[in-house]
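For the numbers below, each heavy atom of this structure counts, side chains included, while hydrogens, waters and symmetry mates do not. Proteins come first, then strands; the chains are lettered A, B, ... in the order of their sequence lines, and each starts at number 1.
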Amino acid sequence: MSWGKAAVVAAGIIPFGELFDQGYESLAAGAFRSMLSGADRSIALSEIDACVVATQRGSLWGQEGIGGNTVPSAIGLSGIPCTRVENACPSGSDAFRVGAMMVASGVHDRVLVIGVEKMRDKSTQEGLLSRAAAGHPVYTRGETAPVLFAPFATRHMHEFGTTREMLAQVAVKNHHNGCLDPYAHFRSEVTVAQVLESPPVCSPLHLLDCCPQTDGAAAVLLTRPEIAADFTDRPVFVAGFGVATDHPYLHEKATYVGLPATQLAASRAYSMASLGPDAIDCAEVHDCFTITEILDIEDLGFVEKGKGGQATLDGLTALDGKLPVNTSGGLLAKGHPIGATGVAQLVECFWQLREEAGERQVAIRKGNALQHNVGGRGSGVSVVTILTRDPA
Amino acid sequence: MSAGSTAGPTPVEIVAAGVGLPAFRWSPGEAAKLWGQPAVSGSLAACGSDEDSMTLAWSAGSQALSAARNAGIRIDAPRTTSASRGDPRIGCYWGTTSPPFAEGPNLAFLASSLGLPAGTEGYLTCGSPLAGATALEAAWNALASHRVDVALVVASDARKGATGTATETSFGDGAVAFVLLRAGRSGSQGALLLGRSTRMMPVVDRYRGPGELSTHDLYDARLFREAIFLPLVREAGESLASATGEAISSWSITDPDGRLASGAAKALGGTPAGGDIRRTIGDTGAPAPLLGILPSLARSGEDPDGARTEPRSPGLLGLIAYGGGQATAIAMRCGGEIAGVSTALGQLASFGSGSTIRTHVEIMKARGVLAAEVEPVPMGLPPGGGAFVRQVGEVLELTGARCVDCGTIMTPPSIHPSCTGCGGTSLVIVPLTRDGTVVTFVVNHTMPAPFEAPLPLVVIDLDRSGRLMVQGAGEKAGQFTVGGRVHLVLRRYALERSVPVYGWKAVPESDQP
């Protein structure tokens with residue numbers, strides 16, 4: 001018996017990318033309007049009771065202090081309750097979890113969750129540095145975002161013989177999927193050779209092993225299951241979720257071949273949903289770097305620890321594989337506007353479960369899709385969400 | 001010309017030594033050719049962009065302290081509590097013409113990084129290349145007056161010679177350190193300091209005025225040689241010889257141009273010492289005359305690899321430091337081999353024969369003479385801010401927090417109010433070791449200024465203590481391996497809003513002495 005106390009009844013997203021002409025509020029408004037226009041029936045503004053906004057790093061566009069509560073006004077909902085959730089890379093999925101708990105608690109019947117991030121208003125250099133400045137003022141100097149994951153690649157290669165070609169296959173697969181997703185930042189194929197020969201960013205990771213910095217926004221409407229039918233005949237239900245934390249500094253890790261926060265969040269989500277990894281039809285997982293997806297599919301229980309690289313080479317996670325992963329193009333191709341990412345992944349799961357994903361639609365046999373984020377200092381926090389067509 | 005001489009103070013002896021050599025070596029001939037100057041030979045030692053007089057001082061000081069400890073000399077007092085009766089009182093005396101802070105916590109940073117107790121007595125001597133000898137005198141005074149029981153003398157310099165001048169092609173970077181005790185205290189025979197003398201003269205030769213960023217060199221070679229340097233050095237030397245009443249057969253003398261020291265030694269009736277070191281690493285300024293005595297402190301007069309050094313002379317050894325219109329001469333009688341000397345000479349020999357020759361351009365870049373015209377992005381936390389002030393100490397001291405309940409050691413302590421192993425809150429501060437094994441690592445190639453690529457970042461299991469992630473030495477970026485052995489050295493991570501920020505960097509073990 002899965003949790004099933006909240007339903008997703010509408011979802012929307014804007015094309016991700018370098019969106020120079022759109023400010024933070026415009027991105028949010030775009031996602032909201034996309035959700036309204038894509039809804040199965042017309043939704044009146046007055047039907048929305050509350051809003052949860054996920055934005056991870058307002059300082060990237062200069063408004064750390066007030067990000068979030070400016071969104072209701074921007075989308076025509078000034079006056080409603082609105083709370084910003086910041087929880088590192090899982091901000092979007094955690095905002096969704098908070099929204100689901102809000103409707104389950106009975107306090108609000110219909111809660112809008114918007115993830116939005118404006119990342120490209122500042123130079124890449126400043127974006128990198130804001131990452132490098134996090135944590136201890138001396139010990140963490142030089143730790144740009146790839147430094148948080150590249151040590152796992154080094155060690156995974158050392159222990160399991162994982163190769164750069166295996167990592168590259170993750171990028172090849174996700175860029176292929178991105179070509180089929182009209183909302184992806186990058187819509188072009190890459191080859192294994194191109195990944196291997198791209199410039200080194202943080203050895204052993206090269207440029208095409210890394211996700212881009214992207215502007216984007218995504219929105220979903222959550223309701224109590226009892227009133228979901230007011231909005232759609234085909235709601236998708238929240239089967240379960242899990243959140244977990246880990247020690248934030250890299251030298252405190254119990255292992256460098258897995259992410260304990262992901263493992264713990266996954267076990268909580270599976271338990272809440274009363275299912276296991278074998279019941280998942282498709283998954284959107286946190287592929288901020290190619291190695292991260294390899295770690296993810298192992299930590300989520302899709303493959304045995306150490307076998308993620310070979311499984312990727314063998315096509316397990318391809319669009320036509322046994323367990324398609326990152327059908328949207330993932331963070332690598334679709335982009336990673338941090339606060340928006342988790343919500344966008346849930347939008348993709350919603351569409352896949354409703355079999356509305358167009359050219360990238362995969363076979364839905366068991367009716368369940370999984371969403372995963374991991375991030376923060378040293379992958380210190382993870383969120384796993386499981387959506388289902390059938391909550392029983 | 002004023003004069004003064006002293007003789008017969010309480011004898012003290014040098015019982016251990018260490019050197020600090022920078023990452024780079026280069027051939028000044030390349031620069032001389034570029035500027036159309038007369039050809040010069042030999043090589044020079046030069047700091048990488050993350051090294052300075054502090055990191056070199058740490059390197060020499062930590063080696064000398066280790067050599068003393070390994071020789072069984074008791075030098076350590078508790079670090080965190082005030083010393084009790086019977087604990088040795090330690091003093092730290094640092095001479096440099098290039099302190100990293102023109103005004104600031106130079107000595108406190110050095111003492112902290114060397115793990116010396118907070119109650120350490122110390123002096124920083126600056127102002128001219130005389131500073132190294134002055135630091136040695138300060139140590140002598142402190143021991144003789146029984147203010148301290150152990151004295152660490154460090155002399156280091158990282159001087160940027162003026163581009164296109166003779167100083168660019170003669171200055172080298174380096175450091176030397178000695179541990180001294182009152183004579184007879186070590187149980188073994190060290191190098192006994194016997195007498196000293198000094199001569200001064202109010203002349204202006206090399207100077208930097210208030211508020212000025214670079215040093216003026218009024219070095220008219222003939223005037224300086226004939227009217228200033230040789231007379232002062234000779235008078236200081238002769239006064240020293242007469243005060244000690246014994247022949248001084250070997251002289252280590254400040255050598256600005258590579259020839260003056262030899263001439264002065266001969267004029268004093270002795271042979272020059274330390275010339276090979278001068279030819280290998282250049283005129284190091286404050287440490288130079290102190291480095292020059294090292295070959296005489298080795299029992300065999302030869303380093304372990306058999307490289308050529310000066311033969312050991314039977315008489316006394318003299319050192320004469322010149323700087324800022326003052327010459328100071330110190331006489332010593334060499335006894336048995338001094339701890340750490342053969343290691344130090346071995347390092348100097350392998351530096352001279354084994355290290356890669358860098359280009360003039362690389363040296364100019366490391367010195368900041370040739371700088372990329374990029375806008376550095378300031379870090380979120382200013383170095384004067386609370387976080388830095390609170391947390392810089394635990395970095396320099398390289399401490400961890402050990403859980404009393406389960407033994408887990410966490411680093412750094414400030415971010416761990418609770419044990420990561422069991423959640424316990426009973427934690428004690430412990431020093432970490434500086435050797436360890438690589439658990440995993442990366443090499444970062446993409447960072448904004450002021451970071452410099454390639455920058456290795458290395459997770460290390462420190463021997464018998466905690467796990468730590470630190471930067472690795474950029475010049476060794478290709479030499480890290482999982483499971484490889486590394487050693488931590490003090491380096492300058494950045495000049496953050498012109499404040500030096502120090503931290504530890506891992507160096508692969510194959511490069512350790």
Side-chain angles (χ1 to χ4, degrees), chain A residues 57 59 64 122-159 198-207 209-210 246-257 289 291 377-378 380, chain B residues 374-383 385 387-392 394-396 410-412 414-416 420 438-461 466-471 477-478 480-483 493-494 496 501-504:
Chain A
R57 194 161 294 215
S59 56
E64 183 62 61
K122 282 193 179 171
S123 70
T124 304
Q125 298 281 294
E126 283 197 60
L128 282 169
L129 197 77
S130 73
R131 170 71 262 162
H136 192 280
V138 179
Y139 274 120
T140 57
R141 289 181 84 91
E143 286 187 20
T144 49
V147 175
L148 302 180
F149 291 92
F152 292 81
T154 303
R155 191 74 204 189
H156 208 276
M157 290 168 159
H158 177 78
E159 287 194 23
S198 61
V201 167
C202 182
S203 301
L205 302 178
H206 287 231
L207 185 62
D209 287 299
C210 307
D246 189 21
H247 302 303
Y249 287 83
L250 279 166
H251 66 270
E252 299 166 339
K253 296 293 156 189
T255 168
Y256 295 93
V257 295
F289 301 96
I291 181 62
R377 262 219 67 78
Chain B
V374 293
E375 194 71 33
V377 182
M379 301 290 282
L381 291 165
F388 260 96
V389 175
R390 278 198 305 278
Q391 295 176 306
V392 78
E394 68 189 353
V395 176
L396 290 172
M410 287 142 289
T411 57
S414 68
I415 58 169
H416 292 105
T420 56
V438 175
V439 180
T440 187
F441 70 97
V442 301
V443 180
N444 201 352
H445 298 277
T446 313
M447 296 160 293
F451 292 100
E452 274 188 40
L455 179 68
L457 292 131
V458 192
V459 179
I460 303 162
D461 272 340
R467 182 179 281 179
L468 192 57
M469 182 165 178
V470 292
Q471 298 184 6
F480 292 94
T481 54
V482 172
Y493 277 18
E496 178 67 38
V501 176
Y502 294 98
W504 302 94

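- Looking at Ser414(B), the atoms closer than 4.5 Å to chain A (heavy atoms on both sides) all sit in the side chain, from C-beta outward.
- Between Arg155(A) and Lys253(A) there is no side-chain heavy-atom pair separated by less than 4.5 Å.
- Atoms NE2 and CZ, from His445(B) and Phe451(B) in turn, are 15.5 Å apart once rounded to the nearest 0.5 Å.
- For Val458(B), no part sits under 4.5 Å from any heavy atom of chain A, backbone or side chain.
- Looking at Leu457(B), the atoms closer than 4.5 Å to chain A (heavy atoms on both sides) all sit in the side chain, from C-beta outward.
- Note that the CG atom of Leu205(A) and the OG atom of Ser198(A) stand 10.0 Å from one another [nearest 0.5 Å].
- Using a 4.5 Å cut-off between heavy atoms, Tyr139(A) touches chain B through backbone and side chain atoms alike.
- At a 4.5 Å heavy-atom cutoff, the contact between Gln471(B) and chain A is made by side-chain atoms alone.
- Between Cys202(A) atom SG and Asp209(A) atom CG the span is 10.5 Å, to the nearest 0.5 Å.
- Under the 30°/60° scheme for interplanar angles, the aromatic rings of Phe480(B) and Phe441(B) are found to be tilted.
- Interface remark: Val459(B) contributes side-chain atoms only to the contact with chain A (heavy atom separation under 4.5 Å).
- Annotation: maximal heavy-atom pairing with chain A below 4.5 Å, among Val392(B), Asp461(B), Val439(B), occurs at Val439(B).
- For the options Thr481(B), Thr411(B), Ile460(B), heavy-atom pairs under 4.5 Å to chain A are most numerous at Thr411(B).
- For a residue to count as touching a neighbouring chain, one of its non-hydrogen atoms must lie under 4.5 Å from one of that chain's; by this rule Val443(B) touches chain A with backbone and side chain alike.
- Between chain A and the options Glu394(B), Met410(B), Arg390(B), the largest number of non-hydrogen pairs under 4.5 Å is found for Glu394(B).
- Residues satisfying the ring-ring contact (aromatic ring centres under 6.0 Å, His included) test with Phe289(A), not counting sequence neighbours, are Phe149(A).
- If you measure heavy-atom distances from Val395(B) to chain A, the contacts under 4.5 Å come from both the backbone and the side chain.
- In this structure a side-chain-to-backbone donor-acceptor pair under 3.5 Å is present from His247(A) to Thr420(B).
- For the atom pair Thr140(A) OG1 and Met469(B) CE, the distance stands at 9.5 Å (nearest 0.5 Å).
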